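First the structure, in the form of structure tokens, and then the observations on it.
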Amino acid sequence: MRFIDREEVARRLTYELCIPIVREAMIAFSRGETRQPLREIVPLADGRLFGVMPGAMSGRGVFGAKLISVFPDNFAKGVQSHQGLVILFDPASGAPVCVVHAGEVTAIRTAAASAVATDALARREASRLAILGYGEQAATHARALKQVRPLEAITVWGRSAERAAAFAVKMTTELGLPVSAAPDVETAVAGADIICTVTGAAEPILMGRWVAPGTHVNLVGSSFAGPAEADNDLVARSRFIADSRAGVLAQGAEFLRAKAAGLVGDDHIVGEIGEVLAGTVAGRRSAEEITVYKSLGHVAQDLASAWALYNS
Ligand code: NDP
């Protein structure tokens with residue numbers, strides 16, 4: 001059995017490779033060509049989680065699972081907060097054939113999925129990106145979104161001004177464009193064309209009243225029906241696109257809070273990103289619309305990315 005370690009994933013799963021793979025995976029997912037139950041989340045002590053995500057790709061394709069621990073307190077120790085394995089099975093023989101470092105796949109495929117959504121939903125000329133959070137997903141989102149829009153500037157916000165400043169310096173050097181730290185969320189998102197929320201915030205940090213018409217927002221940090229990064233106002237004011245309708249109806253915290261408040265119904269989810277990509281649901285309809293992509297993360301993205309590494 002082959003093992004693909006973190007270094008190999010980081011080196012070979014480039015955004016040029018991963019973005020089109022995730023795009024195709026999400027189209028197949030929305031067409032019902034992939035099969036997967038809702039993600040199981042096993043709560044552990046101290047706010048830690050264990051995620052179990054089985055699935056099968058299109059047709060008689062590869063199947064497997066992602067097993068992933070989420071230890072949010074690892075961030076302060078400089079260790080990945082998401083760690084685990086993606087396990088691939090050969091569709092012809094039924095044998096397990098490959099184990100892939102899931103922390104690195106998750107870091108890259110999640111950002112690639114947001115890049116796909118941004119490419120489909122943000123205004124063509126969108127060039128100013130605001131990132132809330134300065135962890136692993138913040139870095140991968142900056143790298144991935146640069147592939148799909150001509151970014152001119154990035155603003156970052158996080159709870160520690162020092163860490164936000166350090167992230168800004170590091171990413172300025174790496175990306176070759178100005179990345180600056182903002183003192184608060186409202187300042188960070190003022191003038192942004194694209195906003196990514198990639199934090200472990202339990203309660204909303206992003207208020208709809210701060211989001212200008214025409215903005216595209218990727219809500220990524222909350223992946224179960226508990227913590228929410230954006231308020232009900234943003235949900236209600238937006239054209240709301242899910243990665244998975246069933247997923248968001250069960251686990252999309254921002255949507256579920258707005259629904260519980262009586263502000264939106266299930267029909268507020270206008271479609272899945274795979275439907276927008278396939279052209280069966282309209283994406284952005286005007287330059288003034290606020291679009292939201294709610295990301296929960298799906299094993300179809302992990303299996304497709306891992307298979308591409310194994311099979312080439
Ligand atoms: P990291 O642990 O690397 O970074 C976490 C970030 O969240 C840090 O910037 C941290 O900074 C910040 N943070 C934690 N608590 C709060 C809070 N209460 N308010 C504001 N900021 C906070 O995690 P990742 O970058 O890997 O992941 C970011 C989020 O995205 C996580 O919640 C993760 O579960 C989620 N995720 C979602 C995926 C999806 O598919 N949708 C896939 C992978 C991750 P500080 O503590 O200094 O404030």
Side-chain angles (χ1 to χ4, degrees), residues 6 18 22 25-26 29 36 38-39 41 43-44 46-51 53 66 68-84 86 101-117 130-144 156-168 170-171 181-182 184-185 188 196-207 217-230 241-244 247-248 251-255 273 292-302 305:
R6 184 175 183 183
C18 194
V22 168
M26 295 316 287
F29 172 82
Q36 63 184 67
L38 274 183
R39 170 186 29 211
I41 296 177
L44 307 173
D46 304 322
R48 297 163 168 178
L49 306 170
F50 180 50
M53 304 162 67
K66 179 162 86 170
I68 189 119
S69 67
V70 183
F71 279 37
D73 47 316
N74 277 2
F75 177 63
K77 304 172 199 158
V79 176
Q80 278 188 309
S81 54
H82 292 61
Q83 301 178 93
V86 179
H101 190 285
E104 200 62 26
V105 171
T106 302
I108 295 168
R109 68 67 154 152
T110 307
S114 293
V116 165
I131 302 179
L132 308 183
Y134 39 55
E136 181 156 54
Q137 288 292 339
T140 56
H141 273 70
R143 293 173 192 134
V156 64
W157 169 85
R159 289 188 296 184
S160 151
E162 238 171 52
R163 284 188 153 177
F167 178 90
K170 179 170 167 278
M171 296 312 289
D184 52 57
V185 175
C196 297
T197 64
V198 283
T199 72
E203 293 301 323
I205 49 171
L206 178 62
M207 304 301 157
V217 184
N218 297 306
L219 297 180
V220 179
S222 165
S223 29
F224 62 100
E229 293 182 291
I241 310 286
D243 55 3
S244 153
V248 170
Q251 298 176 341
E254 292 86 3
F255 173 79
I273 193 63
V292 165
Y293 167 66
K294 176 58 196 168
S295 162
L296 288 167
H298 292 278
V299 74
Q301 302 162 349
D302 299 299
S305 300

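Since we're looking at a predicted model, the values are computed, not measured. Counting starts at 1 for both ligands and their atoms, in listed order.
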Inset, instruction - State whether a side-chain donor-acceptor pair under 3.5 Å links Glu229 with Thr199. - result: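 Per modelled atom types, Glu229 and Thr199 side chains form a pair under 3.5 Å.
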Inset, instruction - Check the side chains of Ser114 and His141 for a donor-acceptor pair under 3.5 angstrom, ignoring hydrogens and angles. - result: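 His141 vs Ser114: donor-acceptor pair found between side chains.
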Who's the nearest protein heavy-atom neighbour of [atom], and how far?
| atom | value |
| --- | --- |
| atom 4 (O) of ligand 1 | Gly135 CA, 3.5 Å |
| atom 21 (N) of ligand 1 | Thr199 CB, 3.5 Å |
| atom 42 (C) of ligand 1 | Thr110 OG1, 3.3 Å |
| atom 45 (P) of ligand 1 | Tyr134 OH, 3.5 Å |
| atom 33 (C) of ligand 1 | His82 CE1, 3.3 Å |
| atom 13 (N) of ligand 1 | Gly200 N, 3.5 Å |
| atom 8 (C) of ligand 1 | Phe75 CE2, 3.5 Å |
| atom 6 (C) of ligand 1 | Val198 O, 3.9 Å |

Legend entry - Leu296 to ligand 1, any heavy atom closer than 4.0 Å: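 Yes, that is the case, since the closest heavy atom of the residue is under 4.0 Å from the ligand.
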Inset, instruction - Assess Arg109 for proximity to ligand 1: is some non-hydrogen atom of it under 4.0 Å away? - result: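 True for this residue.
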Below 3.5 Å, N or O to N or O, backbone or side chain included: is there any such pair between [X] and ligand 1?
| X | result |
| --- | --- |
| Gln137 | yes |
| Val220 | yes |
| Thr106 | no |
| Gly221 | yes |

Which of the ligand 1 atoms, numbered from 1, are nearer than 4.0 Å to a heavy atom of [X]:
| X | value |
| --- | --- |
| Glu136 | 3 (O), 25 (O), 26 (O) |
| Gly133 | 9 (O) |
| Ser81 | 1 (P), 2 (O), 23 (O), 26 (O) |
| Arg163 | 47 (O) |

Would you find a donor on one side and an acceptor on the other, under 3.5 Å apart, between the side chain of [X] and the backbone of [Y]?
| X | Y | result |
| --- | --- | --- |
| Ser69 | Gln83 | yes |
| Thr140 | Ala107 | yes |
| Asp243 | Leu296 | yes |
| Tyr134 | Ser160 | yes |

Inset, instruction - With sequence neighbours excluded, tell me which residues meet salt bridge (charged side-chain N to carboxylate O under 4.0 Å, His left out) with Glu104. - result: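 Counting only residues at least two positions away or on another chain, Glu104 forms a salt bridge (charged side-chain N to carboxylate O under 4.0 Å, His left out) with Arg6.
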Inset, instruction - Report the part of Gln80 in contact with ligand 1, treating N, CA, C, O as backbone and CB onward as side chain, heavy atoms under 4.0 Å; options are side chain, backbone, both, neither. - result: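 Contact part for Gln80 vs ligand 1: neither.
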Inset, instruction - Looking only at non-hydrogen atoms, find the nearest pair between Arg109 and Gly297 and report the distance. - result: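 Smallest heavy-atom distance, with atoms named: NH1-CA, 3.6 Å.
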Inset, instruction - Identify the two heavy atoms, one from Ala138 and one from Gly133, that lie closest to each other, and give their separation to 0.1 Å. - result: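 The answer is CB-O, 3.2 Å.
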Legend entry - Residue from His82, Lys66, Gln137 passing side-chain hydrogen bond (donor to acceptor under 3.5 Å, both in side chains) with Thr106: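 The residue from His82, Lys66, Gln137 that satisfies side-chain hydrogen bond (donor to acceptor under 3.5 Å, both in side chains) with Thr106 turns out to be Lys66.
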Legend entry - Shortest heavy-atom approach to atom 16 (C) of ligand 1 - which of Gln301, Glu162, Arg159: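 Among Gln301, Glu162, Arg159, the closest heavy atom to atom 16 (C) of ligand 1 belongs to Arg159.
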Inset, instruction - Using the side-chain contact (heavy atoms from CB on, under 4.5 Å) rule, take Ser81 and Glu136 through it: C-alpha gap first, then chi angles, then the decisive distance, then the call. - result: CA-CA 9 Å; Ser81 54; Glu136 181 156 54; 5.6 Å; no
Inset, instruction - Would you please name every residue forming a side chain to side chain donor-acceptor pair (under 3.5 Å) with Gln251, sequence neighbours left out? - result: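 Scan of Gln251 (side chain to side chain donor-acceptor pair (under 3.5 Å), adjacent residues dropped) gives none.
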